[in-house]
There are 2 protein chains.
Amino acid sequence: MIIGDPYSRDCPTRKVLDRIADKWAVLVLGLLMGGPMRFNQLRRTVDGISQKMLSQTLKSLERDGLVSRKAFATVPVTVEYAITPLGQTLADTVDALRVWAETHMEAVTAHQQRYDAGAASGA
Amino acid sequence: MIIGDPYSRDCPTRKVLDRIADKWAVLVLGLLMGGPMRFNQLRRTVDGISQKMLSQTLKSLERDGLVSRKAFATVPVTVEYAITPLGQTLADTVDALRVWAETHMEAVTAHQQRYDAGAASGA
DNA sequence: CCGTATCCGCATCGATACTG
DNA sequence: CAGTATCGATGCGGATACGG
């Protein structure tokens, strides 16, 4: 029984990480920043996503209060998803990661190349 | 063939996301901010991690240039891992996520509770 | 059009054993 | 002590089919 390890289990970073680890969630969130969208519209834009994943992602996002779901009882059911203020703050924070990527990603790639070339020998 | 979708495939966010999606990597990175550590020392601290994962994580981190590996040819081989300046910048950025979590996580939890209680009816 | 349930392949992760 | 290779379980994720 090693449950209760002091280091990582309690830290909230884990929770956010788990949340943004879902690439679809981040993508959808970013997309919704440009305004509300309908289900299939979202599906078409992200495109690489399956209904299952989109549905699952949207539900998760809604549950977390990051996006809101509004259904219109029209003849062919219409549903609109929109980002919430809370979702905005997260999206904004995640954007910092995007900035980091744009700034340092080439350095990372360079290191990868070097490592790949033969880091074991060159040290 | 839908390869080449304009929205997400090109954006660098995906890459960072993939990187930090690995909770172990983030944890190790954060740990290394407190100074260099040896393999088993790291293993003991993170504890929930397996050798396989730690080894894999460390290798990935080293390959990306986020941590450096220094081996001492002593009788019982000694190896020290340390965070690099590049790794520092990423860790710092990830820290922003931690801050977000500490600030908004309770709001998220509250939403979850409400949703769980019966969001379908209350809407 | 919106969404859910099922089936199934695949990548991941943990546990174990063994080498330098 | 540091690290790799293999095996088996598990859960994620995609495609499909069907219901509201």
Side-chain angles (χ1 to χ4, degrees), chain A residues 1-3 5 8-9 14 17-28 31-32 36-63 67-82 115 119-121 123, chain B residues 1-3 5 8-9 14 17-28 31-32 36-63 67-82 115 119-121 123:
Chain A
M1 278 308 208
I2 339 95
I3 300 179
D5 46 296
S8 54
R9 274 312 253 281
R14 274 281 285 275
L17 249 23
D18 277 2
R19 216 143 305 255
I20 65 162
D22 190 342
K23 59 179 177 185
W24 299 129
V26 177
L27 258 3
V28 169
L31 215 39
L32 255 27
M37 290 181 82
R38 303 218 318 277
F39 189 87
N40 281 334
Q41 193 179 355
L42 232 26
R43 188 149 101 80
R44 245 162 242 148
T45 310
V46 178
D47 161 67
I49 199 172
S50 58
Q51 307 94 310
K52 183 184 177 180
M53 280 297 98
L54 180 56
S55 180
Q56 190 174 304
T57 299
L58 249 15
K59 217 142 103 177
S60 187
L61 250 24
E62 189 196 356
R63 193 175 104 97
V67 305
S68 61
R69 177 184 182 277
K70 174 144 190 167
F72 299 91
T74 53
V75 183
V77 182
T78 304
V79 180
E80 268 196 0
Y81 289 93
Y115 185 93
S121 50
Chain B
M1 280 303 211
I2 339 95
I3 300 178
D5 46 298
S8 55
R9 273 315 252 281
R14 274 279 286 273
L17 249 24
D18 277 2
R19 215 143 305 256
I20 65 162
D22 189 342
K23 58 179 178 185
W24 298 129
V26 177
L27 257 3
V28 169
L31 216 37
L32 255 26
M37 290 180 82
R38 304 217 317 276
F39 189 87
N40 281 334
Q41 194 178 355
L42 232 26
R43 189 151 99 80
R44 244 161 243 149
T45 310
V46 178
D47 162 66
I49 199 172
S50 58
Q51 306 95 312
K52 184 184 177 180
M53 279 299 96
L54 180 56
S55 181
Q56 189 175 304
T57 299
L58 249 16
K59 219 143 103 178
S60 186
L61 250 23
E62 190 196 354
R63 194 175 103 98
V67 306
S68 61
R69 178 184 182 276
K70 174 145 191 166
F72 299 91
T74 55
V75 183
V77 183
T78 305
V79 181
E80 268 194 359
Y81 289 93
Y115 185 93
S121 51

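Throughout, a chain's letter reflects where its sequence line sits, starting with A, and its residues are numbered from 1.
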Distance in angstrom units between B:Phe72 CZ and D:dG3 P, rounded: 12 Å
A:Phe72 and A:Val79, any side-chain heavy atoms less than 4.5 Å apart: no
Residue-phosphate contact under 4.0 Å: B:Lys59 side-chain N/O, D:dT4 OP1/OP2: yes
Atom pair distance, as rounded to whole Å: CG in B:Leu54 and P in D:dG3: 8 Å
Donor-acceptor contact below 3.5 Å, side chain B:Thr78 vs main chain B:Thr74: no
5' priority, DNA chain D, between B:Arg44 and A:Ser50 [closest heavy atom]: B:Arg44
Beyond-backbone contact of A:Leu27 with A:Leu31, side-chain heavy atoms, under 4.5 angstrom: no
Most 5' of A:Val77 and A:Ile49 on DNA chain D, judged by nearest nucleotide: A:Ile49
Touch class at under 4.0 angstrom, heavy-atom based, for A:Gln51 against every strand present: base
Separation of atom CD in A:Gln56 from atom P in C:dC2, rounded to whole Å: 19 Å
Nearest-nucleotide pick for B:Ser55, side chain only, options being D:dA2, C:dC13, D:dT4: D:dT4
Sidechain-backbone polar pair: A:Ser60 side chain, A:Gln56 backbone, donor-acceptor under 3.5 Å: no
A:Lys52 vs A:Arg69, nearer the 5' end of DNA chain C by closest nucleotide: A:Arg69
Interatomic distance where CD belongs to A:Gln41 and P belongs to C:dC1 [whole Å]: 11 Å
Whole angstrom value for the distance that separates P of D:dC12 from CH2 of A:Trp24: 16 Å
Whole-Å gap separating P (C:dT12) and CG (A:Asp18): 16 Å
Distance below 4.0 Å between B:Arg38 side-chain N/O and D:dA2 OP1 or OP2: yes
Expected output: side-chain A:Gln41 to main-chain A:Arg38 donor-acceptor under 3.5 Å: yes
Interatomic distance, B:Met53 CE vs D:dG3 C1' [rounded to whole Å]: 14 Å
Contact under 4.0 Å: A:Tyr81 side-chain N or O vs C:dG3 OP1/OP2: yes
Proximal nucleotide (of D:dA2, C:dC13, D:dG13) relative to the B:Val79 side chain: D:dA2
Euclidean distance, atom CG of residue A:Leu42 to atom P of C:dG3 [Å, nearest integer]: 10 Å
